[in-house]
Undergrad: 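Got a structure for you, written out below as structure tokens; questions coming shortly.
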Amino acid sequence: MAGSKFVYVTFIRTTPEKLFDALRKPEFTSIWWCECWQDCDWKKGSSWKLMIPDGRVGDFGEVLEYDPPRRFAVTWQNEFKPEMKVEGASRATFELEQMGDTVKLTVTHEIDRENSRLIEGVSGGWPPLLASLKSLLETGDALEMTKKWPKGA
Amino acid sequence: MNESFVYVTYIRTTPENLWNALTHREFNKKFWFGMHQECDWKKGAPWKLVFSDGRVADAGEVLEIEPPKSLVLRWRNEFDPELNSEGYTQCRMTIEPEEGRVKLTVRHEGEKPGHKLIPKVSNGWAQVLSSLKSLLETGEALPRTEAAKG
């Protein structure tokens, strides 16, 4: 089916358990994901929300898959940008493969419509965020530019 | 439109450090699966990517070079007859300084539509560039974890 898809692969010197936690738990995401946190109890079918630090809902959906520490997936509809919200739900999948001391992380973000603004947006957002996550796990310090929610956003 | 692969990463380093790591053979060997590039790093100069045992993996020439901002290589696979017969690709590396980090963009594109090398390079670039980032930020590259071409 025609659609829009973004796939990003990175390799991080960490364990699947640490990475699986860092991708989801507020004490980590608040450092590398611009102070955002995920409101979710992480069961299949549970509601999922990505919360912006000022209290607004950034994106929302539900948990499609949850298989710690290997894989999780959520439906993901934007809430706070009208031109993206109108596109409906995308799907974001996170796959973690242990390879010795390294974990291969594959993030796949896709939607069943062409030229999606949401996918265009996340295509620009995932590389700096995942680079910051990698820096946090490998050096103890996230990249400066993803530590805070951008002013005025 | 010709098939292309684009990979973007951000590294806590300077453009000069990143440029050195990309263009000096001793650095290459640490993060590039033991491989290194042989090149005089001038426009028009021949370019090779060489395995640790001396075999040539890929070859071509420097199309554009502007240290420490951008490098464009003409690039053809040399050890797989099918990929070799596909002809050349172009690989553009762009380095952009930002606050507290450097943005590295690698764009690898076939010179003909449907070039068969392009779908094959994606996992290699992700590993090589992840290893480069670890080397520059922690002093240690990542171990090779998947079989590289060759």
Side-chain angles (χ1 to χ4, degrees), chain A residues 4-16 18-19 31-34 94-109 114-115 119-151, chain B residues 1 3-15 17-18 21 30-34 93-108 118-149:
Chain A
S4 308
K5 186 171 177 177
F6 176 72
V7 182
Y8 194 81
V9 175
T10 183
F11 292 77
I12 305 176
R13 184 185 278 115
T14 188
T15 65
K18 284 185 188 161
L19 179 54
I31 300 172
W32 65 268
W33 201 337
C34 303
F94 301 80
E95 297 169 84
L96 290 71
E97 290 175 66
Q98 178 162 15
M99 298 178 159
D101 288 345
T102 307
V103 180
K104 177 182 178 183
L105 170 65
T106 304
V107 176
T108 304
H109 206 149
E114 291 190 2
N115 303 312
I119 301 306
E120 184 185 357
V122 303
S123 301
W126 280 124
L129 288 171
L130 297 174
S132 190
L133 169 59
K134 177 176 160 81
S135 295
L136 176 63
L137 289 170
E138 293 191 359
T139 74
D141 195 12
L143 294 178
E144 212 53 47
M145 281 179 78
T146 76
K147 288 182 180 175
K148 300 268 178 233
W149 183 255
K151 283 190 182 127
Chain B
M1 175 133 72
E3 191 144 5
S4 68
F5 172 73
V6 179
Y7 194 87
V8 176
T9 187
Y10 295 79
I11 305 174
R12 188 189 283 121
T13 190
T14 64
N17 281 350
L18 178 52
K30 290 180 184 176
F31 69 85
W32 210 325
F33 304 145
M93 298 185 208
T94 308
I95 297 175
E96 298 167 78
E98 298 186 352
E99 194 181 317
R101 64 190 190 185
V102 174
K103 179 181 180 183
L104 170 63
T105 304
V106 174
R107 184 186 183 93
H108 205 154
I118 302 306
K120 291 183 185 287
V121 299
S122 60
N123 202 51
W125 277 124
Q127 256 207 100
V128 167
L129 297 176
S130 295
S131 186
L132 170 59
K133 177 177 161 78
S134 295
L135 176 63
L136 288 170
E137 292 192 4
T138 73
E140 202 180 331
L142 295 179
R144 182 165 145 182
T145 55
E146 294 187 343
K149 54 192 178 163

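Letters A, B, ... mirror the listed sequences (proteins, then strands); counts begin at 1. Here the structure is a predicted model, which is why all the values come from computation and not from measurement.
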Undergrad: Suppose a student defines contact as a heavy atom less than 4.5 Å from any heavy atom of chain B. Which residues in residues 121-131 of chain A would they list?
TA: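 Listed by number, the contacting residues are A:P127, A:P128, A:A131.
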Undergrad: Hey, could you give me the CG/NZ distance between B:L142 and A:K104, rounded to the nearest 0.5 Å?
TA: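 If we round to the nearest 0.5 Å, B:L142:CG and A:K104:NZ are 13.5 Å apart.
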Undergrad: Which atom pair, heavy atoms only, marks the closest approach of A:E138 to B:S134?
TA: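 Minimum heavy-atom contact is OE1-OG, 2.7 Å.
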Undergrad: Please give me the minimum heavy-atom distance between A:F11 and B:A126, naming the atom from each residue.
TA: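 A:F11 and B:A126 have their closest heavy atoms at CD1-O, 3.8 Å.
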Undergrad: Under 4.5 Å from any heavy atom of chain A, what part of B:R101 do you find: side chain, backbone, both or neither?
TA: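 When you check distances to chain A, only side chain atoms of B:R101 fall under 4.5 Å.
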Undergrad: Do you know the tightest heavy-atom contact between B:R12 and A:A142?
TA: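 Answer, listing the atom of B:R12 first, then A:A142: NH2-O, 2.6 Å.
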Undergrad: Among A:I12, A:D141, A:V7, which has the most heavy-atom pairs under 4.5 Å with chain B?
TA: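 That would be A:D141.
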Undergrad: Name the member of B:E137, B:E98, B:K103 that forms the most heavy-atom pairs with chain A at distances under 4.5 Å.
TA: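 Heavy-atom pair counts peak at B:E137.
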Undergrad: How far apart are the closest heavy atoms of A:V9 and B:Y7, and which atoms are they?
TA: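 Minimum heavy-atom contact is O-OH, 2.5 Å.
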Undergrad: Tell me whether A:R13 contacts the main-chain N or O of B:S131 through its side chain, where contact means a donor paired with an acceptor under 3.5 Å.
TA: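 No; judged by distance alone, with no hydrogens or angles, the pair does not exist.
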